[in-house]
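Along the sequence shown, residues are numbered consecutively beginning with 1.
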Amino acid sequence: TKADEETLTKLREIGPVKYVVAPDVFHWLNLENFSRAFPDAKVIGVDGLEPKVPGVKWGGIYGKDPEGTEYGYESEISARYFSHFENKDVAFFHHDSKTLVVADLIFNFPPTEQYSKSGQSPTSWIPLVSKIGPFSKLHGLLTSSLAKDIKANAPDAKAVNEWDFDTIIPCHGNSLVGNGKAAWQAAWGKYINYKD
């Protein structure tokens with residue numbers, strides 16, 4: 001999302017912005033703009049982002065800070081860092097709304113919500129990609145390519161599965177409302193069910 005005036009106004013209407021978070025090593029393009037727009041916010045990222053965004057004053061780095069480091073939102077939001085996942089994703093669980101927020105851990109295409117104001121088709125760019133959803137075989141292949149080591153990724157997938165969520169908001173695609181837990185279990189089943 002761009003840090004344009006419409007977006008910044010909407011965020012300010014919600015309340016003070018306390019955190020600006022880059023949830024993995026690929027979702028950071030507007031991080032510096034948001035950190036400038038909200039200079040009092042703590043900027044949190046993942047290991048590997050510092051050289052990509054040198055103009056940011058970091059308040060925390062998952063994967064670099066000691067395990068168990070708290071950033072200030074833990075009473076409302078739990079986080080799980082997938083250190084063995086290719087993109088170094090963090091999954092966030094908002095307790096009150098029972099919502100899981102993820103970057104590249106879940107895809108739910110086509111992204112009709114994201115394209116709703118664009119005037120473009122959400123399926124026109126790559127037709128095959130528009131079929132990737134958490135219940136599809138394509139998602140299984142994508143997850144396997146990004147989480148190659150089942151044994152290493154299993155504890156993270158299992159920890160997220162223990163959270164009491166029913167909605168998933170992914171960076172890529174439509175929100176999964178009411179069936180979020182089933183979607184997580186479908187996409188990450190072989191990791192959740194892994195036994196040593």
Pair [X] + [Y], salt bridge at N-O below 4.0 Å:
| X | Y | value |
| --- | --- | --- |
| K158 | E162 | no |
| E5 | R12 | yes |
| K151 | D196 | yes |
| R80 | D156 | yes |

Quick check on the hydrophobic clustering: are [X] and [Y] connected, directly or via other members, by side-chain heavy-atom contacts under 4.5 Å?
| X | Y | value |
| --- | --- | --- |
| V20 | I44 | yes |
| Y191 | L176 | yes |
| F85 | W184 | yes |
| F165 | L105 | yes |
| Y81 | I150 | no |

> Stepwise, does the side chain to side chain contact (heavy atoms under 4.5 Å, CB included) test hold for W163 with L100?
Replying inline: CA-CA 9 Å; W163 291 338; L100 180 68; 3.7 Å; yes
[X] side chain vs [Y] backbone, donor-acceptor pair below 3.5 Å:
| X | Y | answer |
| --- | --- | --- |
| Y194 | N153 | no |
| K42 | G60 | no |
| N108 | G133 | no |
| K88 | V25 | no |
| D149 | A152 | yes |
| K181 | N161 | yes |
| N179 | A182 | no |
| K10 | T7 | no |
| S136 | I132 | no |

>> For a side chain to side chain contact (heavy atoms under 4.5 Å, CB included) check, start with the C-alpha distance between V53 and W58, then their side-chain angles and the critical distance, and finish with the verdict.
In response: CA-CA 10 Å; V53 198; W58 295 98; 4.1 Å; yes
Which pair of non-hydrogen atoms, one from [X] and one from [Y], has the smallest distance, and what is that distance?
| X | Y | result |
| --- | --- | --- |
| A103 | D89 | CB-OD2, 3.4 Å |
| V17 | A41 | O-CB, 3.6 Å |
| T167 | G178 | OG1-N, 3.9 Å |
| V21 | L31 | C-CD1, 4.3 Å |
| W188 | A157 | CE3-CB, 3.7 Å |
| L8 | A3 | CD1-O, 3.5 Å |

Between [X] and [Y], do the side chains contain an N or O donor and an N or O acceptor separated by less than 3.5 Å?
| X | Y | result |
| --- | --- | --- |
| S144 | K190 | yes |
| H94 | S97 | yes |
| D104 | N87 | yes |
| H95 | D164 | no |

[X] vs [Y] side-chain heavy atoms within contact, under 4.5 Å:
| X | Y | answer |
| --- | --- | --- |
| I169 | T99 | yes |
| F93 | V101 | no |
| D24 | H27 | yes |
| Y19 | V43 | no |

>> Between D96 and E76, is the side chain to side chain contact (heavy atoms under 4.5 Å, CB included) condition met? List the steps.
In response: CA-CA 7 Å; D96 288 349; E76 298 177 56; 5.8 Å; no
> Is the gap between the ring centers of Y62 and Y71 under 6.0 Å?
Replying inline: yes
> Restricting to pairs with a member in residues 57-68, which pass salt bridge (charged side-chain N to carboxylate O under 4.0 Å, His left out), not counting sequence neighbours?
Replying inline: E50-K64
>> Check the orientation of H172 and F107. Use parallel for under 30°, tilted for 30 to 60°, and perpendicular for over 60°.
In response: parallel
>> Once you measure the plane-to-plane angle for Y73 and F92, does it fall in the parallel (<30°), tilted (30-60°) or perpendicular (>60°) bin?
In response: perpendicular
> Could you give the distance from CD1 (I61) to CG (D47), rounded to the nearest 0.5 Å?
Replying inline: 7.5 Å
> Rounded to the nearest 0.5 Å, what separation is found between the OG1 atom of T143 and the NZ atom of K148?
Replying inline: 12.0 Å
